[in-house]
**Student:** 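One structure is given below, represented as C-alpha cells, and several questions about it will come after.
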Number of protein chains: 2
Amino acid sequence: MTDERYSISQVARCFGMPVSTLRYYDDLGLLPAAERRGNVRYYGHEQLRRLALIQRLHHRGLVSLADTATLITEDPPADQPSGRQVLIASIETIRTRIHDLHLAQQLLEHLLTCPTADPVRECTHLRTELGEVVDHALAALRPPPPSRP
Amino acid sequence: MTDERYSISQVARCFGMPVSTLRYYDDLGLLPAAERRGNVRYYGHEQLRRLALIQRLHHRGLVSLADTATLITEDPPADQPSGRQVLIASIETIRTRIHDLHLAQQLLEHLLTCPTADPVRECTHLRTELGEVVDHALAALRPPPPSRP
DNA sequence: CTGCACGCTCAAGTCGACTTGAGCGCAACA
DNA sequence: TGTTGCGCTCAAGTCGACTTGAGCGTGCAG
C-alpha cells in the first residue's frame, strides 16, 4: 500500500518548495526521484520521507546541503566513520548555535523593553555588558609581561 | 580615560576577524571607524562596543547584516518605527529558528544513539515520525470534497 | 636609499544554494 | 491543427557576505 507516485509539481506544492529546488536536489543526488517514466520524475513514499528528513535538517541552513547528504545517504563503505563524524560535528554546531541564538534573543528582547530612549547608545546595562566583552577582547592585545620572580 | 585608539589590524586580531571584514563593514557604514588620521582608520572604545554588538547579533548569520544595521544604527527619523519592526521580526525569527534547531538536534541525537544499524532507513521510530510529516503534507494535495449537508 | 610592514582604494572573484531563461518534447483539448 | 500545460536539460544569473588582487602611499630600520 501507499505505493502511489507523485509528480514533481505535486511534491513541490505540498512540501511548500519550488520545483526547481527538487530538481536541484536530484542533480546533487541528494533526493533522487523514485523512478522516471520516460524522463519524467515520480516520487514515492520513501522519497517523501527523505525529503521530510532533508527539510528538517537543512531548513534555513541549519545543516549544509553537503553535510545533510553525508548524514542521510550514509552508505558507509564499511571503512570510514565519516557519517558519524559529521553527525557529532553537526550536533556540536547546533548546540553552540542555539547558545548564540539565546544570547542574541536576550539582547534583542532587552532592546525591546529597555526604558532608555536609545538603548543601543544610552542604556548602561548594555554598555557595561558590551564593555566587558571589549575589555576581554583587548586583553589579548597586551599579554601582561610575565613577571618572573 | 579609555580614549585609546586601535589600528585596524589590532582590532582584527583581538576580535578574531579578518581586516577585510572590518573594511567591508566600514564601506557599508555599519561600523565606521572612530576617526581617520590621514586616510588611516583608528577605532575607539565606542566603536569596539558596537563591534561586539554586531558580532553578537550577526554571528554566523543569526541576523542579516542589513537587519543588524537597521537595529543598531537606529537613527529613527522620528517618523517610521522601522527599527522596532525589524526588532520584533528578528526576535520572532530567532524563536522559530531555535525551535527548528531543537528539532534537528533531537533528530541527530537519535541517529547517534539508535541501535538500528542504519537508522535513516531502518529505524521504525524515525519512519513513523517522518511518515506523519509526509501524510500531513500530502493531505494538502487532496482537499476532501466539502460534504455539505 | 632601499626594503619591509602596514595602510589604503577599487574592481573582481568566490561560495553555497538556488533561480531563471532558452529551447525543446509530449499529451490533451477546442 | 494549434496552443496550453507540464515536464525536461543545460547554461547562466543572483544574492549575501565576504575575500582576493592589483596598484599605490607612508614611515622607519638597516
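Because the structure is predicted, anything quoted here is derived from the model rather than measured. By convention in this document, chain letters (A, B, ...) are assigned in the order of the sequence lines, proteins followed by strands, and residues within each chain are numbered from 1.
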**Student:** Quick one: is the NZ or CZ of Arg37(A) closer than 6.0 Å to the six-membered ring centre of Tyr42(A), and within 45° of its axis?
**Tutor:** yes
**Student:** Below 4.0 angstrom, N of the basic side chain to O of the carboxylate: do Arg97(A) and Asp100(B) qualify?
**Tutor:** no
**Student:** For dT9(C) and Arg41(B) - does any side-chain N or O of the residue sit under 4.0 Å from the phosphate oxygens OP1/OP2?
**Tutor:** yes
**Student:** Can you tell me if Arg37(B) touches the phosphate of dC6(C), counting only side-chain N or O atoms and a distance under 4.0 Å to OP1 or OP2?
**Tutor:** no
**Student:** If only side-chain N and O atoms of His58(B) are considered, is one of them under 4.0 Å from the OP1 or OP2 phosphate oxygen of dC18(D)?
**Tutor:** yes
**Student:** Would you indicate which nucleotide in dG7(C), dG7(D), dC18(D) comes nearest to any side-chain atom of Thr21(B)?
**Tutor:** dC18(D)
**Student:** From C-beta outward on Tyr24(B), which listed nucleotide comes closest to its side chain: dT19(D), dG7(D), dC8(D)?
**Tutor:** dT19(D)
**Student:** As a test of reading the structure: which of dC18(D), dG7(D), dT19(C) is closest to the side chain of Tyr25(B), going by heavy atoms?
**Tutor:** dC18(D)
**Student:** Which nucleotide sits closest to the side chain of Asn39(B): dT19(D), dC18(C), dT9(C)?
**Tutor:** dT9(C)
**Student:** Using the side-chain heavy atoms of Ser7(A), tell me which of these nucleotides is nearest: dT20(C), dA17(C), dG7(D).
**Tutor:** dG7(D)
**Student:** Mind checking the CG-CG spacing from Leu141(A) to Asp135(A)? Nearest 0.5 Å is all I need.
**Tutor:** 12.0 Å
**Student:** Is the closest basic N to carboxylate O distance between Arg56(B) and Glu129(A) below 4.0 Å?
**Tutor:** yes
**Student:** Out of dA17(C), dT9(D), dC18(D), which has the shortest distance to the side chain of Arg23(A)?
**Tutor:** dT9(D)
**Student:** As a test of reading the structure: which of dT9(D), dT19(C), dA17(C) is closest to the side chain of Ser20(A), going by heavy atoms?
**Tutor:** dT19(C)
